[in-house]
Structure formats: structure tokens, C-alpha cells
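Sequence lines set the chain letters: A, B, ... in the order given, protein chains first and strands last, and positions in each chain run from 1.
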Amino acid sequence: MKADIRVALVGNPNTGKSTLFNALTGLNQKIGNFPGVTVDKKTGYCDLPDGRRAEIVDLPGTYSLYPKSKDESIVFSVLADQQIDQQPDLVVVILDASNLKRNLLLYTQVADLKIPIIVALNMMDLATRNGITIDIDAFAKKLGVHVVPISARKLEGIDKLKAAISYANKLALQEDTIDVHAIAPQLIAQIGEEMAVENPYYALQLAHQHEHLTFLSPGESNRIEELEQVHGFHSQKAQATETIARYNFINDLLYDTVQKKETAQEETWSNRIDKVLTHRVFGFVIFFGILLFMFQSIFAWSAYPMDLISTGFVWLQETLHKILPAGPLTNLLADGVVAGLSGVLVFIPQIAILFAFISILEDTGYMARVTFMMDKLMRKVGLSGKSVVPLIGGFACAVPSIMSTRTIESWKDRIITIMVTPLVTCSARLPIYTLLIALVVPNRNIWWIFNLQGLALTGMYLLSLVSAIVVAFVMKLIIKGREKGYFIMELPVYRMPRWNNVFMDMYTRAKTFVLEAGKVIIAVSVILWVLASYGPGKRFERIDQKYSQPQYVKTMKPDSLNRVIATEKLENSYAGILGHVIEPAIRPLGFDWKIGIALITSFAAREVFVGTMATIYSVSGDADNIESVKVKMGNAKNQETGQPVFTLAVAASLMMFYAFAMQCASTMAIVYRETKSWRWPVAQFLYMGVLAYVVSFITYQLLK
Amino acid sequence: MKLSQLKVGNKGIVKEFTDLEMSVKLMEMGCLPGEEVRVERIAPLGDPIAINVAGYQLSLRKREASTIILL
């Protein structure tokens, strides 16, 4: 899609930026990366009233252009980078009308960069309720920009904002806010001259941020450093001076344009809720209650749609066998691709519910309270309160969670959070746990409300949190770090979740999961099917010959004969041979060669496990009798003993293996990109592998 | 008096900062000299604290609050 105009959304966190982004772009959005960095770049398209098309870029929320974290550092880079083609033509600064003073700081900084600006004044209703009246015309006149009052939640004023975007001037019209030159006159002049920078504030920002800007060459960066030495420039002092000057400007501005009724401070709703939710006892009880409810719901609400999907796939597999001519290609499609896909797609309902919960927790402002409550505890084990969000996000997927550690200011806190996040039970493990729990744990209620299977799942989730915390504590002692972290964070007022946003979030993330996982699963299923359907040399022919002997044909029923042939063929296939090779190593964990195949195939991505099981048991089962993976695995018998393969000990040991092993290529890739070194992902892979083996071994030996 | 010494419900006015690096961050968040701050609550485990400043709630650790000197 080509866009006629590029618009960047800039604003403080919690100002409704994402809601506005969703309102402008609807389902027409995608998540990518900024060139050269891994920070999420949300872009979408929006049709303007004059028929043009605007590309909307949602930048991370920030309080100022001076970044405190990796995430925030992207904002200035995008606004300032003139070399790569991503500079916006227009910036929409979104301000929370009920908290104008702090919000305007960022406005004044962006305005001084002299990129054309429109102000979207959000949450007018909240401001009115708090007794704040804003003279919008006077406000707009003082700033020199177009000010559009909107209510992003109620979708009010969106059309006016679109119109304003289409009328936007190509030249910046905003008034200067502060005298930038006065902060460092000679330095700004000289940088301006040598770097051919006209805008004084841009020159000043180069002085502050040159070390972190990728678009500057090392030579340019060194030259700026030299100039700073010559002119005795002290970055923090200059920032302090600038901030005070900006607030002076803002106070003058607000004095003339905003009236605040001095009402007796009545206790706000938010405060009353906080008294309960951050209570020293109830606070934690409620938090764990919410987690428990979440996992119970994942099981309870997903049962019906999951049944529907799995029945659908069984039907599809049957139909394919019926309508297509029998042969390897049909087998590949039905027993390889469809069986593999069904194993994972059946978990869409559970994954969607999980994403919805996490989105609601963030949207209501509750996640910030969890951060607040847990900070001290987290600091004891070497994490920060801000690590709680990636850890809980890890319940969905480690990859975005590891990206979200960019809000953690301290390097050590951040590295430890990155190292332990993959331990948290992610959505890819959910199918495996669900399947194995359903196989060995009875579906029964105890004490009326607790479902045994739900409890077992909650147990796995709690175990993952505990193990993450224990490992973090160990790493705190091992990893050296000097700098002190800090924790200065806004606690946003509680709000009702915006169901549109929740739905949008659930939809886009589930879609990404299906597309990304789907690709891998189809590829792996095809390879696996080939490996499981063919063997080296003449082994398959010999099996066929052996079983066409009269002693077999006459004594065995055709059904069981077919099954014996299929099993023996699988055992002699490439996949079977591979499984047998690693069998001695995994035997002490209770795994046979079939599970071994699944372990190998799911090394790159855990979600492949169920698909592999589906493929293996489809290949080895008899083709006329198509059942869901769960039934097939439940019926699986050990050939020597005749006992079921998936006993409690085996299932528990397998779950432990999947709980600890780092079977996720995407996570390793993201850890490499986030830490810029192979050291961390390799260390992570090794420590998790060792943990997985040891814990599985102990579990199996104890339960067997 | 330091901000970290206030009890829940107490108010004070920011006078100055003892740590330059922290002061830049705090000022950006609206904790400016002359601004009124009020301790709203303390986290269940005794740290961090939440203060009301410039019409919103800000949470910070006690160590950070101790760099803010009140009038």
C-alpha cells in the first residue's frame, strides 16, 4: 500500500494513543520493526476525507524526548532521522486534557524540532469532570497549531482529526516555546555549522543523544563529543535547565488558557479501588485470585469451540481421504499437513482467551498496580517491579515480552528479566500441557469449584513463575552490574477496558500466532511425514514381504495386521531411526523413540509437538479409523508391556521437559537481537537444557 | 525534610534535589520546585510509595523519594 502522507502519533503513556491509533486505522494495521532495531513498529492506513491515504505510525509512549529506556529512544530517532525514509510529514501529539501540564512538556520538545504538528486533545470529559475548563481557541492561538478536541474512547472527533490531517500545512506553524540557544549558545551554533543543521533544538538533541543515534557516523559522533568538551557541555545540567524553562513556558500558557475550579478534594474512584486492590493482604489475594480465574477460564470457556475445531479437522481429514485418489500425495496432505495443522489450530480459542485477559489487565491500569505491589519482592531476587509485566506477558509469548523489557532502565535488571522470561509458561506450551493433562488427570471437580485439570494447569503456571524467580535470584549473584536502577512510574487511573481494543489486540495477536506458527508447522509436518513414511534401503519392502507370508495373513485380522505393519514401518523409517538413536539418552526420562521424534522436531518451536504426535500417530494408526490426537495417544500401548505409553510419570516428566527446555528458535533470535551478542542466548539455551533434563529425570524416577 | 519521610496523607512542597541525574527524571514527571506533593499510599511491602503530583499519581521508590528535599 502506498501512502500520500506519513503521520506519527506521539504522546505520553496512558493518553489514549493506542485507542486513537485503532480508531484511525481499524483492522488495517500491521506490526513490524523499525529499520535496524527490534522495537515494535505499529503502522496502519487511514483514508482521509480528501481521498488521500495516510500512513499512521504509532510510536512508543514517552514523557520526553530524552529517553530513559530503549523503547523511548526510538521516538527521537524516528522524528530526527533524515537519512532513512521514515521521517513523518506530520506529527499528531496526543495530550491528556486532564493532565495538561505534564503532557505539554513533550509537546514543547517536539514543537521545537519544527516538524508540522496537530494537537489532539483527548479525555475532555474527564477534564470537565475534574473541574478543568480549557479555552481551546486561545490555547490553539498561543501554540500556533490546530487543536482538535477528541474522545478516542467514544470515537468522538475522529472525523475532525482526519480533516485536520488532510488540511495540514507542509510547513511547521507552531510558535517557538523556549529560547533553545540560551541553553548552550556556542555549542549549538558550532554543531549547526559543522553538521549543516538549521534547527537549534535538533542541534542540541544531537549533543545530548549522539552516542545512541544510529544515523550518525562514528566520525560525526566523535566530533560532537569533542565540541562538547571544548564548550564545557554537561548533558544533565543542560537537561535540567531546559526542563525548568519548558515548565515556565507551560505555566504561562496554562495560566492564560485553563481554569481550574478549586473544589474540595474528594476521594476519587481510582483511589478507592486502589485501597482494596493494593491492600497489603487483599492485594495479593486478589492478584492470585485473578491468575487462578484466568487459567480456569482458559479451560472452561474453550472446551466447546475446541471440540468444534477438532471435529472439523477430523471431518476434513476423512473427506480428503474419501474424495482424493489414494496415494502418497493424498496421504501427505491429509496425514501430514492437515493432521499437523489441526494439532495446533485447535488451540486458537485458548490462546485468544489468554491474550484477551492480558490485554484487559493492561488496559484497565491493573498491571501498573501489580508492578507497584511487586517491586520490592522483585528487587530482592534481582528483578524490578517492571519485570512483572514481561513475566506475565510471558504467559502469552516470550518474544514480545522480551521486547517489552526495553522499558526497564537498568541493564542488569533487564538482562536477568530476558534470561528468565522464557521459563514462564507461554501459549505454545499450553497445547502440550492441555493434551497431556487431559490424558492423565481426571476431569473431576473437587470442593465444588476447583476442576482437577484446571488445578494441574495452574500448578504448571505457578511452577514456571517460581522457577523464573529462583533462577533470577541465582543470576543476581552471578551477573555483575554497577549502575543503580530506578523506578519512577505513573499509576494511571483505573478505566473500563476498551472492548474494541481488547478485541483488536486478541485478533491481531492470535492472527500473528496462527500465521507464524502455521508456516513452521506446515513445513515441519511435511518434512516429518516424509521422514516417517520412507525408510533407508529396502527395509519397507522387506516388511511388506514379511507380513504377506501366510502365517501372518491367516492368523491375524486385517485391522491388527495393518497396524502392526504400519508400526514396524514407522520404526524403520528415517524418523524412527532418528528417534531410536536418541532413545538411550531419553530413556531415563521415561520417553520412548516416538516421543524422541517429537522432542527433535519441536526443538525449534514447542508448538510442533502436538502436530508431530498427530502426524506420527496418523501414520502409525490405521487410516480408516481417524480420531483426534488425544484419543490416539490415549490408546497408545507400549509394545513390550502392553501398558499405556502415557502414564502419569511419562506425562509429568514430558511436561517438565517442555516447561524448562528452551525449544524456541524465535526467542533465541530475539534475545540475540536485544542483547547484540550470542553469549546470552547460548547461555540461556544451555542452562535451560540442563534444567529440563535434570527436572524431567527426577520427576520420572519419583513417579514411576 | 525528605519526601521519603512523609507519612500517608501528608503534603509538602518540593524545594530542591540532592541528585542531579534523578532530578532530571523527576522534573520531567512534574516534580518541580514549588510543586505540591502528597503521599497517597505505600506499597504492601513498604516500598515503593505513590505520591500525588500535578494532578496524577506517580510511584517511586523510597530511595528515589529521599533525593527530594521539601520546604
Where the side chain of E28(B) meets the backbone of Y63(A), is there a donor-acceptor pair that is under 3.5 Å apart?
no
Top residue by heavy-atom pair count (under 4.5 Å) with chain B, among T371(A), T278(A), D375(A)?
D375(A)
Heavy-atom proximity to chain B below 4.5 Å, by part of I250(A)
neither
In Å, rounded to the nearest 0.5 Å, how long is the span from OG1 of T67(B) to OH of Y486(A)?
12.0 Å
Need one label for R379(A): side chain, backbone, both or neither, based on atoms under 4.5 Å from any heavy atom in chain B.
side chain
Report yes if some heavy atom in the side chain of K275(A) is under 4.5 Å from a heavy atom in the side chain of R41(B); otherwise report no.
yes
Ranked by heavy-atom pairs below 4.5 Å to chain B, first place among L377(A), V281(A), L106(A), D274(A) goes to D274(A)
Does F473(A) have more than 12 heavy atoms from other residues, nucleotides or ligands lying within 6.0 Å of its CZ?
no
Segment of F372(A) engaging chain B (4.5 angstrom heavy-atom cut-off)
both
Applying a strict 4.5 Å limit to non-hydrogen atoms, the region of K68(A) in contact with chain B is side chain
Non-hydrogen atoms of chain B under 4.5 Å away: do they reach the side chain of T62(A), the backbone, both or neither?
neither
If you apply the rule side chain to side chain contact (heavy atoms under 4.5 Å, CB included), what do you find for S64(A) with M27(B), and how did you get there?
CA-CA 11 Å; S64(A) 100; M27(B) 285 198 294; over 6 Å; no
Name the region of I488(A), side chain, backbone, both or neither, that has any atom closer than 4.5 Å to a heavy atom of chain B.
both
Here the gap from M373(A) atom CE to S59(B) atom OG, rounded to the nearest 0.5 Å, amounts to 12.0 Å
Need one label for L58(B): side chain, backbone, both or neither, based on atoms under 4.5 Å from any heavy atom in chain A.
both
About how many Å separate CZ of R102(A) and SG of C31(B), when rounded to the nearest 0.5 Å?
10.5 Å
Side chain, backbone, both or neither: which part of D96(A) has a heavy atom under 4.5 Å from chain B?
neither
Counting C-beta onward and ignoring hydrogens, is there a side-chain heavy-atom pair between L20(B) and H234(A) closer than 4.5 Å?
yes
Looking at CG of N251(A) and CG of L32(B), how far apart are the two atoms once the value is rounded to the nearest 0.5 Å?
7.5 Å
Heavy-atom pairs under 4.5 Å with chain A, option from V53(B), L60(B), L45(B) with the top count:
L45(B)
